[in-house]
Undergrad: 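First, the structure itself, so that you have it in front of you.
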Amino acid sequence: MIAESRWAEGQRKIQLALWEAAERLLASVPLEQIEVMAPTEEGHGDFTSNLAFRLAKALSKAPVKIAAELASGLPSLGLLERVEVAGAGFINFWLNSTWLSDTVSEAVRHPDSFGESASRQERVLIEFVSANPTGPLVVVNGRAAAWGDSLARVMSAAGYDVDREFYVNDAGMQVVKLGHALAIRLEELKGAPLPEPWPEGVYPGEYVRALAQDYAERHGTWKSLGLHAQHWPDLGRWAAERLRAQQEAELLRFGVTFDRWYSEKRLRQEGKPEAVVAKLDERNQLYQAEGARWFRSTAFGDQKDYVVVKSDGGFTYIVPDAAYHADKFARGYDLLIDLLGPDHHGHLSRMRAIMAGLGYSPEKLEMLIIQMVRLLRGGQPVKMSKRGGAFVTLAELMDEVEVDAARWFFVERSSDTPMDFDLDLAEMKTQDNPVYYVQYAGARIHSILAAYASQFADDQQAFDPSLLVAPLEQALIRDVAKLPVVVARAAQQRAPQAMCRYLTEMASHFHAFYRQHRILEEAPDLRRARIELIRGVLVAIQRATAMIGVSVPQRM
RNA sequence: GCGCCCGUAGCUCAGUGGAUAGAGUGACGGACUUCGAAUCCGGAGGUCGUAGGUUCAAAUCCUACCGGGCGCACCA
């Protein structure tokens, strides 16, 4: 539907031209070996190639000489302004500025789709958050939510067919313990004393009190319930569904929705864990020992074999998990991405092993760890302990920090390293806060466009891109033109944080441009050109912020 | 002990095998009669944890070591 971006198209044309030039010098060079890439530094062109270094050995000639020969034989392709040999043998390419500024008009014409790539015909399932339905979402769940949702948006824009899924652990022992906790709180409502000592593993959190209140209001018969273990599973299921719904509402407030909430309970009811064990058995991957059934995970690079069916006949947790992932493949996804919590390091090699044991190709399952979040206030860590029932929830974080700021902070850092979340900084609506820096650029553009619309409502001036010659204008044109490539790259690297850097750089160029140049007071033709430019910049800002779930208000 | 992740400017962090390793922030010095100063412009700040190896080229890949974080149940 969407054509290849002009930027990528230009890159491709240069690559082909270089290939032809190389073929004239050396009998045959595989096209894949010809790299045309973004230079690391300004002043090295729009694209650069290291081809001369690669050919140096085969041609036994100095890279500089090869580069000069390659460069001299290149056609302009209708897009190159100049080609230069630099350093020890790099070939740098500058794009024609008129060709470039046409992409700005392209952005202005397609404000809702600019930056997107054509479909890749690849179905991806991203599973994230998947918090147990035994309590409210906590801050690290927010990190996973922001990061996973942004990755989904970025990959979707890059042409992947993406679904988001939340796996609900509503079947295990945890749910029974939640039911136990609810029973205790119901007894408390009746005036009974709390158990001494508090039973092991039962949720002590305050939120269970609220649930008990709620339960009592909805169930007239609650007073006849005693503290009997046979009631815990039912109470637990009720509470788990309440908490799951609450999690869904909190995520919605955070701007994150899922295509599917996948129930472990249903997975078990449908017999999928049994099917996985049977399949492993068929494939000769199981053996009996010490009264349990073991999986030969060492055959797939794991450290030691582990139990899949316990001596009491129950499954270990890996079995339903494996069944869940097998089911994802069965549903037709080409690629699975899991964002796992910080306590799942040990899970990775096991999951890889068992999926390999089931015959799935390991590179089709990517597992990324979302590392823990430490909240800082006044430079000091805020105490959090789920066990003690005192923790900072995502809802509390949202009460304190705007969603835009929270999401920016979570996405800005790569996922696999622990982060400090500076509450004071995120709350600040000042220059120190990077979110507002970007939003302010958008607000300024909105404000200029509003003034333009009222002062020059009947402007008939045509857009003349050749007037945009100032360095900052050129920088902004390139920023806009690059969006599709930035998105494609962020998707490929699974690195939504690239969007934050892109936005910060573009905003910086815009603010500098704004201080240095006038728009409305200029002659009509230049005014019109700059209006087109900032419209394009606004589109790029809006598109890029949308991909990380951050808004761009018209006024701040 | 084993596994995963991380050591880059005072601090927080980017960095795709390429050129002189970058931002932000802090401290310091400047800029509003202007379409929004929530902004801009300066200079200063580095043995990329250490030591080897691969390569024309290493912060990036490999090995060892040092330092930090997390995880290592027939719990989930």
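Only a predicted model underlies this, so the values are computations on that prediction, with no experimental measurement involved. So you know, we letter chains A, B, ... as the sequences are listed, proteins then strands, and number each from 1.
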Undergrad: Taking the same atom, P, in B:C2 and in B:A19, what whole-Å distance lies between them?
TA: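 B:C2 and B:A19 have their P atoms separated by 37 Å.
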Undergrad: Just one of A:Ile531, A:Leu533, A:Val539, A:Val537 clears the side chain to side chain contact (heavy atoms under 4.5 Å, CB included) bar with A:Arg535, so which one?
TA: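 Answer to the side chain to side chain contact (heavy atoms under 4.5 Å, CB included) test with A:Arg535 among A:Ile531, A:Leu533, A:Val539, A:Val537: A:Ile531.
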Undergrad: Assign A:Ala292 to base, sugar-phosphate, or nothing according to its heavy-atom contacts below 4.0 angstrom with the strands shown.
TA: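 Result for A:Ala292 = base.
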Undergrad: Do A:Arg350 and A:Tyr306 meet the cation-pi criteria used here (NZ or CZ under 6.0 Å from the six-membered ring centre, within 45° of the axis)?
TA: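 Yes, A:Arg350 and A:Tyr306 form such a contact.
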Undergrad: With rounding to whole Å, what would you report as the distance between B:G67 and B:C61 at their C1' atoms?
TA: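 About 22 Å, rounded to a whole number of Å.
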Undergrad: Grab the OH-P distance between A:Tyr436 and B:A37 for me, whole Å please.
TA: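 My rounded result for the distance is 19 Å.
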Undergrad: I'd like to know if A:Ser311 reaches the base of B:C74 with its side chain such that a donor and an acceptor end up less than 3.5 angstrom apart.
TA: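 For A:Ser311, whose side chain was compared with the base of B:C74, there is a donor-acceptor pair (under 3.5 Å).
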Undergrad: A:Met419 CE to B:C13 P: how many Å, rounded?
TA: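 Distance, rounded to whole Å: 8 Å.
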Undergrad: Using a 3.5 Å distance criterion without hydrogens, assess whether the side chain of A:Ser508 forms a donor-acceptor pair with backbone atoms of A:Thr504.
TA: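 Side chain of A:Ser508 to backbone of A:Thr504, a donor-acceptor pair under 3.5 Å: no, none is there.
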Undergrad: Please list all pairs meeting side-chain hydrogen bond (donor to acceptor under 3.5 Å, both in side chains) that have one or both residues in residues 82-92 of chain A, counting only residues at least two apart or in different chains.
TA: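 As it turns out, the side-chain hydrogen bond (donor to acceptor under 3.5 Å, both in side chains) pairs with a partner in residues 82-92 of chain A, which skip direct neighbours, are A:Thr48-A:Asn92, A:Arg82-A:Glu84.
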Undergrad: Which nucleotide, B:C74, B:C6, B:G36, lies nearest any side-chain atom of A:Asp416?
TA: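 The listed nucleotide nearest to A:Asp416's side chain is B:C6.
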Undergrad: Enumerate the protein-to-nucleotides 28-34 of chain B contacts in which both atoms are nitrogen or oxygen and the separation is below 3.5 Å.
TA:
from: B:U34; atom 1: O2'; to: A:Arg518; atom 2: NH1; distance (Å): 3.4
from: B:U34; atom 1: O2; to: A:Arg518; atom 2: NH1; distance (Å): 3.3

Undergrad: Just to verify, what does A:Glu274 make a salt bridge (charged side-chain N to carboxylate O under 4.0 Å, His left out) with, not counting sequence neighbours?
TA: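 None.
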Undergrad: Taking 4.0 Å as the cut-off, does a side-chain nitrogen or oxygen of A:Ser447 come that near to OP1 or OP2 on B:G36?
TA: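 Indeed, a polar side-chain atom of A:Ser447 lies that close.
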Undergrad: Near RNA chain B, under 4.0 Å by heavy atom, which residues of residues 165-175 of chain A?
TA: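 Hits under 4.0 Å, by residue number: A:Gln174.
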Undergrad: Counting side-chain heavy atoms from C-beta on, which of B:A38, B:C40, B:A76 comes nearest to A:Tyr437?
TA: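 Within the option list, the nearest is B:C40.
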Undergrad: How many whole angstroms separate atom CE of A:Met372 from atom P of B:C6?
TA: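 One finds 15 Å between P of B:C6 and CE of A:Met372, rounded.
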Undergrad: When the C1' atoms of B:C32 and B:A14 are considered, how many whole Å apart are they?
TA: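 Going atom to atom, C1' in each nucleotide, I get 33 Å.
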Undergrad: Nearest whole angstrom, please: distance from the P of B:C4 to the CG of A:Leu368.
TA: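 Going from CG in A:Leu368 over to P in B:C4 covers 16 Å.
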Undergrad: Please determine, by modelled atom types, if A:Gln492 and A:Arg489 share a side-chain donor-acceptor pair under 3.5 angstrom.
TA: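 No, because no side-chain N or O of A:Gln492 sits under 3.5 Å from a partner of the opposite role on A:Arg489.
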Undergrad: Begin from the C-alpha positions of A:Val487 and A:Met499 and carry the test side-chain contact (heavy atoms from CB on, under 4.5 Å) through to its verdict.
TA: CA-CA 7 Å; A:Val487 173; A:Met499 304 312 298; 3.9 Å; yes
Undergrad: Between A:His325 and A:Asp338, is there a side-chain donor-acceptor contact under 3.5 Å, judged purely by atom types and distance?
TA: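 Present: a donor and an acceptor within the cut-off.
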Undergrad: What is the distance, to the nearest angstrom, from the CD atom on A:Gln288 to the C1' atom on B:C74?
TA: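 Rounded to whole Å, this separation is 12 Å.
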Undergrad: Atom CZ of A:Arg350 to atom C1' of B:C72: distance rounded to whole Å?
TA: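 It is 8 Å, rounded to the nearest whole Å.
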Undergrad: Taking the side chain of A:Arg444 as heavy atoms from C-beta outward, which of B:A76, B:G36, B:U55 is closest to it?
TA: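 Comparing B:A76, B:G36, B:U55 against the side chain of A:Arg444, the answer is B:G36.
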Undergrad: Between B:C74, B:G69, B:A38, which nucleotide gets closest to the side-chain atoms of A:Pro418?
TA: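 The closest nucleotide is B:G69.
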Undergrad: Considering only the P atoms, how many Å lie between B:U54 and B:U8, rounded to the nearest integer?
TA: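 Taking atom P in both B:U54 and B:U8, they lie 27 Å apart.
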Undergrad: Would you list the pairs meeting salt bridge (Lys or Arg N to Asp or Glu O under 4.0 Å) in which at least one residue belongs to residues 316-325 of chain A, sequence neighbours left out?
TA: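 Every candidate salt bridge (Lys or Arg N to Asp or Glu O under 4.0 Å) pair involving residues 316-325 of chain A fails, so no pair, neighbours aside, qualifies.
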Undergrad: Please name all residues satisfying ring-ring contact (aromatic ring centres under 6.0 Å, His included) with A:Tyr317, sequence neighbours left out, ordered by chain then number.
TA: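 In terms of ring-ring contact (aromatic ring centres under 6.0 Å, His included), with neighbours along the sequence ignored, A:Tyr317 is linked to A:His347.
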Undergrad: Provide the distance between the two C1' atoms, one in B:U60 and one in B:G53, to the nearest whole Å.
TA: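 After rounding to an integer number of Å, I get 15 Å for this pair.
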Undergrad: What orientation do A:Tyr167 and A:Tyr262 show, parallel under 30°, tilted 30 to 60°, or perpendicular over 60°?
TA: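 If you compare the ring of A:Tyr167 with that of A:Tyr262, the planes turn out tilted.
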Undergrad: Between protein and nucleic acid, restricted to nucleotides 9-12 of chain B and to nitrogen or oxygen atoms under 3.5 Å apart, what atom pairs and distances do you find?
TA:
from: B:U12; atom 1: O2'; to: A:Arg413; atom 2: NH2; distance (Å): 3.1

Undergrad: Once salt bridge (charged side-chain N to carboxylate O under 4.0 Å, His left out) is applied, do any residues pair with A:Lys272, and if so which ones, sequence neighbours excluded?
TA: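 A:Lys272 satisfies salt bridge (charged side-chain N to carboxylate O under 4.0 Å, His left out) with A:Glu270, A:Asp327 only.
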Undergrad: Report the nucleotide, chosen from B:C41, B:C35, B:A76, that has the shortest atom-to-atom distance to any side-chain atom of A:Ala512.
TA: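 Nearest to the side chain of A:Ala512 among the choices is B:C41.
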Undergrad: Reading RNA chain B from 5' onward, which residue's closest nucleotide shows up sooner: A:Asp312 or A:Lys57?
TA: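 Of the two residues, A:Lys57 wins.
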Undergrad: With a 4.0 Å cutoff (strictly under), does any side-chain N or O of A:Lys310 reach OP1 or OP2 of B:C75?
TA: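 So the side-chain polar atoms of A:Lys310 do come within 4.0 Å of the phosphate oxygens OP1 or OP2 of B:C75, strictly under.
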Undergrad: Which whole number of Å gives the distance between the C1' atom of B:C41 and that of B:A58?
TA: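 Each nucleotide's C1' atom is 36 Å from the other's.
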Undergrad: With pairs taken as Watson-Crick or G-U wobble and both distances under 3.5 angstrom, which stems of at least three consecutive pairs involve RNA chain B?
TA: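 For RNA chain B the paired stretches long enough to count as stems (3 pairs minimum) are B:1-7 with B:66-72, B:10-13 with B:22-25, B:28-31 with B:39-42, B:49-53 with B:61-65.
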Undergrad: Which letters describe nucleotides 15-22 of chain B, given B = protein heavy atom under 4.0 Å from base, S = only from sugar-phosphate, - = neither?
TA: SB-BBS-S
Undergrad: Looking only at side-chain N and O atoms, does A:Asp525 offer a donor or acceptor that is under 3.5 Å from a partner on A:Gln461?
TA: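 Looking only at side-chain atoms, A:Asp525 and A:Gln461 do not form any donor-acceptor pair under 3.5 Å.
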Undergrad: Sticking with atom P, work out how far B:C75 lies from B:G18, rounded to a whole angstrom.
TA: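 Looking at atom P only, B:C75 and B:G18 are 48 Å apart.
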Undergrad: Show me the pairs that pass salt bridge (Lys or Arg N to Asp or Glu O under 4.0 Å) and involve residues 511-524 of chain A, at least two apart or across chains.
TA: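 Non-adjacent pairs meeting salt bridge (Lys or Arg N to Asp or Glu O under 4.0 Å): A:Arg518-A:Glu521, A:Glu522-A:Arg530.
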Undergrad: Mind checking whether A:Trp294 and A:Tyr287 have parallel, tilted or perpendicular rings, split at 30° and 60°?
TA: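 Answer is parallel, since the angle falls under 30°.
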Undergrad: Syn or anti for B:C56, with syn set at within 90° of 0?
TA: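 Anti for B:C56; the angle lies over 90° from 0.
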Undergrad: For a quick check of understanding: with a heavy-atom distance under 4.0 Å over all strands, which category does A:His446 fall into, base, sugar-phosphate or nothing?
TA: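 Nothing, no nucleic acid heavy atom in range.
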Undergrad: Sort and list the pairs that fulfil salt bridge (Lys or Arg N to Asp or Glu O under 4.0 Å) and have at least one residue in residues 45-64 of chain A, not counting sequence neighbours.
TA: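 Listed once each, the pairs are A:Glu35-A:Arg54, A:Asp46-A:Arg478, A:Lys61-A:Glu69.
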Undergrad: Regarding A:Gln174 and A:Asn169, do their side chains bring together a donor and an acceptor under 3.5 Å, going by distance alone?
TA: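 Short answer, no.
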Undergrad: Looking at A:Arg413, A:Arg143, A:Met419, which hits side chain to side chain contact (heavy atoms under 4.5 Å, CB included) with A:Gln371?
TA: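 Looking at A:Arg413, A:Arg143, A:Met419, the match for A:Gln371 under the side chain to side chain contact (heavy atoms under 4.5 Å, CB included) is A:Arg143.
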Undergrad: What contact category does A:Glu290 fall into here, base, sugar-phosphate, or nothing, at under 4.0 angstrom with non-hydrogen atoms?
TA: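 It contacts base atoms.
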Undergrad: Aromatic rings A:Phe421 and A:Phe409: how do their planes relate, parallel, tilted or perpendicular, breaks at 30° and 60°?
TA: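 Rings of A:Phe421 and A:Phe409: tilted, 30 to 60°.
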Undergrad: Where each residue is assigned the nucleotide of RNA chain B containing its nearest heavy atom, which of A:Ile519 and A:Tyr317 is assigned the position nearer the 5′ end?
TA: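 Here A:Ile519 is the residue nearer the 5' end.
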Undergrad: Roughly how far apart, to the nearest Å, are B:G22 and B:A9 at atom C1'?
TA: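 Roughly 10 Å separates the two C1' atoms.
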